[in-house]
Visitor: 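Submitted below is the structure of interest, expressed as structure tokens.
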Amino acid sequence: MAFAPMGPEASFFEVLDQHRASLVAALTGGSEKSPQEGTRSASGFEDAVGLQMVSHCSTRKIRSDSPRSAQNFALILKILSMIYKLVQSNSYATKRDIYYTNSQLFGNQTVVDNIINDISCMLKVSRRSLHILSTSKGLIAGNLSYMEEDGRRVNCSGCLTAVAVPSNIQGLRNLITDAKFLLIVEKDATFQRLLDDNFCSKMSPCIMVTGKGVPDLNTRLLVRKLWDLFHIPPFTLVDADPHGIEIMCIYKYGSLSMSFEAHNLTVPAIRWLGLLPSDIKRLNIPKNSLIPLTKRDQMKLDSLLKRPYITCQPFWRKEMEIMADSKVKAEIQALTFLSSDYLSRVYLPNKLKCGGWI
């Protein structure tokens, strides 16, 4: 491989290597099942796949002769005609491009987004197959190189700053990595702090990815592609709050809106590395660094606890119950109370070395 290891001694990665072996053994043992097909209007949960379409469910009809749906019918035909031209000319457009072809007609971007999702689900093809690309907002850094569709070689470890997640994940070729783990970071601020602390070099070989909050489609596709190709153990680093937990669940189990494409997006092998609600007490984080749960936070937490995938994650449920009982949340930045580089120097290395994930 083209990467020179600069990180810890080989013994540091023993627990990670054992974890990877168990993940691969689970795969080869057949625990990963093929997702079912159906329609977008109803979704089911399967631990090995995540939220996916169910085979028998109700459907929604959009009629041209109905006053209630005639406008939506016309907009669907309009976008279908644009997709046809893109496919015929072998060219691509983003959802934003489509919206701006006639912004007055569409009204807002959400209308276009929903129609494209409906078309993708109706035809049972990926958005890429419709020649529609999503704008990427995610970043990647660390032990990874790849060739883009146009032949340009990208070396993420050779860049002083992070590399933008490509807009065409399916077009990536010749991916190379020696990474021992993939760290998925919720927030850009935390990601940039880890870059400033030279985390990727100190913990080499590894890869870091951030979707800058709720992940875009391309960031999720990239995380799934890295898992499919290399079976690198993936871990999430999110705030100890309901919003962070939900973002982690999107990476791991997917979302209802994209359940028809779960087999391309979800990575059930993802583990929760931090920040755990139990870490708040264990590390004696002071109360003035904690934030009371709002009514909205409590509603989100209650909703998460009722979701089907939490029933198969007893350790996650326990952490969420700790949060509910304490009625406080904490951002990753709360760790700076211990020291400015505590996250990169102590917290993450100790968790990775000792298997401190759930």
Visitor: Considering residues, nucleotides and ligands other than Phe12, do more than 12 of their heavy atoms fall under 6.0 Å from its CZ?
Guide: yes
Visitor: Nearest 0.5 angstrom please: Leu16 CG to Cys354 SG, how far?
Guide: 10.5 Å
Visitor: Indicate yes or no: does Asp302 engage Lys306 in a salt bridge with an N to O separation below 4.0 Å.
Guide: no
Visitor: If you measure only the distance, is there a donor-acceptor pair under 3.5 Å linking the side chains of Thr94 and Asp97?
Guide: yes
Visitor: Can you measure from OG (Ser326) to CG (Leu293) and round to the nearest 0.5 angstrom?
Guide: 6.5 Å
Visitor: Around atom NZ of Lys225, are there more than 12 heavy atoms from other residues, nucleotides or ligands closer than 6.0 Å?
Guide: yes
Visitor: Residues two or more places apart in sequence or in another chain: which of them pass salt bridge (charged side-chain N to carboxylate O under 4.0 Å, His left out) with Arg296?
Guide: none
Visitor: Is the closest side-chain heavy-atom distance between Tyr347 and Ile332 below 4.5 Å?
Guide: no
Visitor: Give the intermediate values and the outcome of side-chain contact (heavy atoms from CB on, under 4.5 Å) for residues Leu304 and Met323.
Guide: CA-CA 12 Å; Leu304 285 166; Met323 186 188 301; over 6 Å; no
Visitor: Report the distance from atom OG1 of Thr101 to atom CD1 of Ile79, rounding to the nearest 0.5 Å.
Guide: 8.0 Å
Visitor: Counting only heavy atoms not in Met299, do more than 12 fall under 6.0 Å of its CE?
Guide: no
Visitor: Measure across Arg345 and Ser339 and return the closest heavy-atom pair with its distance rounded to 0.1 Å.
Guide: NH2-OG, 3.2 Å
Visitor: Quick one: does Leu237's side chain get under 4.5 Å of Leu273's, heavy atoms only?
Guide: no
Visitor: Side-chain contact, heavy-atom cut-off 4.5 Å: Glu149 with Arg173?
Guide: no
Visitor: Can you check whether Gly138's main-chain N or O pairs, donor with acceptor, with Ser136's side chain at less than 3.5 Å?
Guide: no
Visitor: Drop me the distance from Ile207's CD1 to Asp178's CG, to the nearest 0.5 angstrom.
Guide: 9.5 Å
Visitor: Do you know which two heavy atoms are closest between Asp197 and Lys202, and how far apart they sit?
Guide: O-NZ, 3.0 Å
Visitor: Quick one, Thr110 with Asp113, criterion side chain to side chain donor-acceptor pair (under 3.5 Å). Give me CA distance, side-chain angles, the key distance, then yes/no.
Guide: CA-CA 5 Å; Thr110 304; Asp113 295 350; 5.2 Å; no
Visitor: Contact between Leu348 and Leu343 at the side-chain level, heavy atoms closer than 4.5 Å - yes or no?
Guide: yes
Visitor: Ignoring hydrogens, what is the shortest heavy-atom contact between Ala240 and Pro277? Give both atom names and the distance.
Guide: CB-N, 4.2 Å
Visitor: Are any of the side-chain heavy atoms of Thr190 and Gln333 separated by less than 4.5 Å?
Guide: yes
Visitor: Return the minimal non-hydrogen interatomic distance between Leu139 and Lys212, and the atom names on each side.
Guide: CD1-CE, 3.7 Å
Visitor: Report yes or no: do Thr177 and Asn143 form a side-chain donor-acceptor pair below 3.5 Å?
Guide: yes
Visitor: Among Asp241, Thr294, Asp297, whose side chain to side chain donor-acceptor pair (under 3.5 Å) with Lys329 holds?
Guide: Asp297
Visitor: Under a 4.0 Å N-O cut-off, is there an ion pair linking Arg282 with Asp279?
Guide: yes
Visitor: Verify the distance criterion only: is there a donor paired with an acceptor across the side chains of Tyr92 and Asn168 at less than 3.5 Å?
Guide: no
Visitor: Does Leu144 share a hydrophobic cluster with Val267, counting links as ILVMFWY side-chain heavy atoms below 4.5 Å and allowing steps through other members?
Guide: yes
Visitor: Can you confirm whether the side chains of Thr219 and Asp216 place a donor and an acceptor under 3.5 Å from each other?
Guide: yes
Visitor: Does atom NZ (Lys351) have a neighbourhood of more than 12 heavy atoms from anything else shown, all under 6.0 Å?
Guide: yes
Visitor: Rounded to the nearest 0.5 Å, how far apart are SG of Cys200 and CG of Leu194?
Guide: 8.0 Å
Visitor: Do the side chains of Leu182 and Val154 join up, straight or via other hydrophobic residues, at under 4.5 Å, putting them in one cluster?
Guide: yes
Visitor: Measure the shortest side-chain to side-chain distance between Ile119 and Ile115 over non-hydrogen atoms and say whether it is less than 4.5 angstrom.
Guide: yes
Visitor: Assess whether atom CD of Glu321 is packed by more than 12 heavy atoms of other residues, nucleotides or ligands within 6.0 Å.
Guide: yes
Visitor: Under the side-chain contact (heavy atoms from CB on, under 4.5 Å) criterion, do Ile169 and Tyr146 qualify, and how do the steps go?
Guide: CA-CA 11 Å; Ile169 301 301; Tyr146 55 84; over 6 Å; no
Visitor: For a quick test of reading the model, state the closest non-hydrogen atom pair linking Pro349 to Met203 and the distance between them.
Guide: CG-SD, 4.1 Å
Visitor: Could you report the tightest heavy-atom contact between Tyr99 and Gly107, atom names first, then the distance?
Guide: OH-O, 3.6 Å
Visitor: Go through the steps for Lys187 and Asp239 under the test salt bridge (charged side-chain N to carboxylate O under 4.0 Å, His left out), then give the verdict.
Guide: CA-CA 9 Å; Lys187 297 191 300 190; Asp239 287 339; 3.0 Å; yes
Visitor: side-chain contact (heavy atoms from CB on, under 4.5 Å) for Leu283 and Tyr342? Distances and angles first, verdict last.
Guide: CA-CA 11 Å; Leu283 297 174; Tyr342 187 84; 3.5 Å; yes
Visitor: Identify whether Leu130 and Val87 are in the same connected component of the hydrophobic contact network (ILVMFWY, side-chain heavy atoms under 4.5 Å).
Guide: yes
Visitor: Could you check whether any side-chain heavy atom of Tyr309 comes within less than 4.5 Å of a side-chain heavy atom of Lys252, counting everything from C-beta outward?
Guide: no
Visitor: So Val238 and Tyr251, do their side chains get closer than 4.5 Å, heavy atoms only?
Guide: no
Visitor: Kindly indicate, with the supporting measurements, whether the criterion side-chain contact (heavy atoms from CB on, under 4.5 Å) is fulfilled by Phe315 and Leu276.
Guide: CA-CA 11 Å; Phe315 294 111; Leu276 303 180; over 6 Å; no
Visitor: If Ile, Leu, Val, Met, Phe, Trp and Tyr residues are connected whenever their side-chain heavy atoms lie under 4.5 Å apart, and connections chain through other members, are Leu226 and Met147 in the same group?
Guide: no
Visitor: Which residues pass the ring-ring contact (aromatic ring centres under 6.0 Å, His included) test with Trp272, not counting sequence neighbours?
Guide: Trp316
Visitor: Check the hydrophobic clustering (I, L, V, M, F, W, Y; side-chain heavy atoms under 4.5 Å; chains of links allowed) and say if Ile280 and Ile322 are grouped together.
Guide: no
